[in-house]
S.K.: 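I have a structure I would like to understand better, so I am pasting it below and will then ask my questions one at a time.
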Amino acid sequence: MADEAKAKGNAAFSAGDFEQAAAHFTDAIALAPGNHVLYSNRSAALASIHRYADALADARKTVDLKPDWAKGYSRLGAAHLGLGDAASALAAYEQGLAIDPSNEALKAGLADAKKAAAAPPPRRSPSGSGGADAIGQMFQGPELWSKIAADPAARAYLDQPDFMHMLREVQRNPSSLNMYLSDPRMMQVLSLMLNIKIQTGPPQDPDLPQTSSPPPPQQEQPETRAAREVEPEPQPEPMEVSDEDKDRKDRKAAALKAKEAGNASYKKKDFETAIQHYTKALELDDEDISYLTNRAAVYIEMGKYDECIKDCDKAVERGRELRADFKMVARALTRKGTALAKLAKSSKDYDIAIETFQKALTEHRNPDTLKRLNEAEKAKKDLEQQEYYDPKLADEEREKGNEMFKQQKYPEAIKHYNEALRRNPKDVKVYSNRAACYTKLGAMPEGLKDAEKCIELDPTFSKGYTRKGAVQFFMKEHDKAMETYQAGLKHDPNNQELLDGIRRCVEQINKANRGDISQEDLQEKQSKAMQDPEIQGILTDPIMRQVLMDFQENPSAAQHHLKDPGVAQKIQKLISAGIVQTR
């Protein structure tokens with residue numbers, strides 16, 4: 001999932017959509033917080049949209065995670081340079097070049113940093129106000145976006161790429177504001193930031209025809225002209241703000257303060273007080289659904305799940321009306337799903353919780369939501385098994401399976417054994433009986449799996465060892481079958497089935513050692529042995545290869561090797577597997 005999010009971020013970055021790229025890298029970091037490359041990529045994306053402070057934080061994290069990675073210092077230098085700290089940028093690039101002296105990106109960055117360090121400081125106007133620079137600084141604050149978004153006329157500019165480019169250029173270089181003052185959109189934004197009305201041209205009445213030329217000016221008397229020359233320029237009047245807008249702004253500010261107080265109470269686990277603060281915030285401002293989702297989180301902590309669900313439903317409904325951020329809607333759905341899971345008493349109750357989590361993931365693929373969905377699905381499955389558990393019915397199904405087995409109707413027997421295990425998944429007898437069915441049907445891997453489950457559930461259950469040994473014997477793995485029978489005898493030393501099994505295995509192993517088996521059986525035995533990782537390890541061991549060579553060319557040396565217990569054991573393994581034959 002982290003790789004998928006990273007790939008999306010890289011694609012967005014290549015397409016020049018740096019905001020989206022940063023968002024994808026953020027998702028990837030949430031899934032793999034120890035991956036230094038993700039922080040490096042997000043630093044590059046943030047620097048591309050001039051968020052140099054955030055880019056610097058990511059660059060520092062990159063270097064912390066991977067101090068010997070040269071590219072991290074390239075990101076660090078770029079962020080420092082963007083913030084105007086040429087000295088720190090120089091130090092960063094030099095650190096990177098100490099690791100990778102041939103890195104072209106670091107060399108180019110170092111050259112840029114040296115130029116920036118040598119450049120004279122920006123000139124200010126004699127009055128000290130900074131002129132356009134001082135006004136341009138107003139575009140740096142966080143109020144810029146909120147004021148534009150709140151103005152009905154200016155809000156549409158946010159969808160215009162050329163306008164967004166102008167704003168970002170002014171944010172990066174405030175003195176560039178003069179370049180864009182001829183654009184009426186920039187003048188309108190400037191009027192919002194200065195809180196004044198700026199007239200960009202004479203008012204026009206669209207219903208009246210325009211004259212081709214202005215009327216001739218009247219002759220002024222000298223006294224009138226002199227009077228006009230000494231008249232001061234009229235000062236622009238402040239933009240009028242309606243009482244309603246002022247009240248709305250005040251209420252929003254008060255709501256945010258109430259939310260902060262609620263957050264503080266939540267952290268202290270003072271849930272009743274937190275509820276009061278979030279409720280007050282909702283009364284002051286019903287256009288921010290975070291107050292509802294925060295209160296819902298408190299209700300979960302208090303165990304008031306019905307109240308939580310009501311708040312989440314209202315948050316989703318209100319969020320759709322307000323076209324709220326899809327992440328906020330996803331958060332409301334996740335909290336609703338959590339409350340529904342807490343209320344679940346039966347497996348079917350989990351269905352609506354699972355559906356709610358899935359809806360949340362369609363809004364925003366959040367790792368926490370995915371984790372909660374997986375937990376709900378597991379809880380549903382576990383509860384279904386508990387609800388279906390009935391040892392009495394399991395015994396009845398086992399007896400039906402036994403009857404089918406006696407009639408040699410093995411597929412029908414397996415169906416009854418399956419149902420018995422659904423009713424009682426820890427009945428070793430059913431696993432043993434089903435293993436016998438699979439063996440009769442020639443389904444050896446399935447039979448082996450059931451026999452091993454018998455031993456896992458009850459290591460003292462002798463039948464499990466006889467079933468497993470029988471499957472291995474039929475698979476002509478006689479040495480493994482003998483080990484299984486011997487393991488069973490440790491728990492039941494007088495078990496005749498286990499003793500008979502060992503006898504049969506010894507007979508087959510001796511026949512193989514004497515070469516008293518068909519060439520076809522020998523080849524099959526050797527083929528299976530060659531797939532065994534242990535046999536493969538023995539044959540690729542240089543020491544064992546020398547031992548095997550001595551067996552062929554130097555018998556006296558071979559006898560010496562057999563004095564080593566480890567070597568002797570490996571030779572016996574090869575003999576049992578049919579790889580080495582004795583005459």
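Reckoned from all heavy atoms, side chains included, excluding hydrogens, waters and symmetry mates.
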S.K.: Sorted by first residue and then second, give each ring-ring contact (aromatic ring centres under 6.0 Å, His included) pair with at least one member in residues 278-303; sequence neighbours left out.
M.R.: none
S.K.: So, using side-chain contact (heavy atoms from CB on, under 4.5 Å) as the criterion, who are the partners of L489 when residues are at least two apart?
M.R.: L498, L499, I502
S.K.: Are E397 and K400 close enough, and set up right, to give a salt bridge (charged side-chain N to carboxylate O under 4.0 Å, His left out), and what steps lead you there?
M.R.: CA-CA 5 Å; E397 289 295 330; K400 291 177 182 177; 3.8 Å; yes
S.K.: Using the test side-chain contact (heavy atoms from CB on, under 4.5 Å), find all partners of I29 that sit at least two apart in sequence or belong to another chain.
M.R.: L38, Y39, R42
S.K.: Under the ring-ring contact (aromatic ring centres under 6.0 Å, His included) rule, what pairs show up with a residue in residues 427-471, not counting sequence neighbours?
M.R.: Y465-H491
S.K.: For a quick check under 3.5 Å, do E387 and S346 share a side-chain donor-acceptor pair by atom type?
M.R.: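 No pair is found: no donor N or O on one side chain lies under 3.5 Å from an acceptor on the other.
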S.K.: Given D27 and K8, is the salt bridge (charged side-chain N to carboxylate O under 4.0 Å, His left out) satisfied, shown in steps?
M.R.: CA-CA 10 Å; D27 291 341; K8 290 180 180 178; over 6 Å; no
S.K.: Looking at residues at least two apart in the chain, or sitting in another chain, which of them share a side-chain contact (heavy atoms from CB on, under 4.5 Å) with A315?
M.R.: I289, L292, T293, A332
S.K.: Name all pairs fulfilling the salt bridge (charged side-chain N to carboxylate O under 4.0 Å, His left out) condition that reach into residues 492-504, sequence neighbours left out, sorted by first residue then second.
M.R.: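 Only K463-E497, R503-E507 qualify under salt bridge (charged side-chain N to carboxylate O under 4.0 Å, His left out).
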S.K.: Under 3.5 Å, side-chain donor or acceptor atoms of residues 320-329 against the rest of the protein: list the pairs with distances, not counting sequence neighbours.
M.R.:
unit_1 : atom_1 : unit_2 : atom_2 : d
R320   : NH1    : E363   : OE2    : 2.9
R320   : NH2    : E363   : OE2    : 3.0
E321   : OE1    : R318   : NH1    : 2.8
D325   : OD1    : K327   : N      : 3.1

S.K.: Could I get the full list of side-chain contact (heavy atoms from CB on, under 4.5 Å) partners for Q385, not counting sequence neighbours?
M.R.: P425
S.K.: Scan residues 413-428 for pairs that pass salt bridge (charged side-chain N to carboxylate O under 4.0 Å, His left out), counting only residues two or more places apart or in two chains.
M.R.: R398-D427, E419-R422, E419-R423
S.K.: Please say which of K468, M482, H478 ends up in a side-chain contact (heavy atoms from CB on, under 4.5 Å) with F473.
M.R.: H478
S.K.: Which residue pairs pass the salt bridge (charged side-chain N to carboxylate O under 4.0 Å, His left out) test with at least one member in residues 428-444, sequence neighbours excluded?
M.R.: R434-D450
S.K.: With sequence neighbours left out, which residue pairs that include part of residues 260-270 fulfil the salt bridge (charged side-chain N to carboxylate O under 4.0 Å, His left out) condition?
M.R.: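 Of all non-adjacent pairs touching residues 260-270, none passes salt bridge (charged side-chain N to carboxylate O under 4.0 Å, His left out).
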S.K.: Would L340 and Y305 satisfy side chain to side chain contact (heavy atoms under 4.5 Å, CB included), going step by step from the backbone distance to the final call?
M.R.: CA-CA 7 Å; L340 289 166; Y305 305 122; over 6 Å; no
S.K.: Verify, without hydrogens or angle tests, whether T439 (side chain) and V471 (backbone) share a donor-acceptor contact under 3.5 angstrom.
M.R.: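 Answer holds: no.
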S.K.: Not counting sequence neighbours, which residues clear ring pair (Phe, Tyr, Trp, His ring centres under 6.0 Å) with Y266? List them please.
M.R.: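 Checked Y266 against ring pair (Phe, Tyr, Trp, His ring centres under 6.0 Å); matches are F271.
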S.K.: Quick one: do the T334 and T369 side chains pair a donor with an acceptor below 3.5 Å?
M.R.: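 Yes.
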S.K.: Tell me yes or no: between the side chains of R75 and S40, is some donor less than 3.5 Å from an acceptor?
M.R.: yes
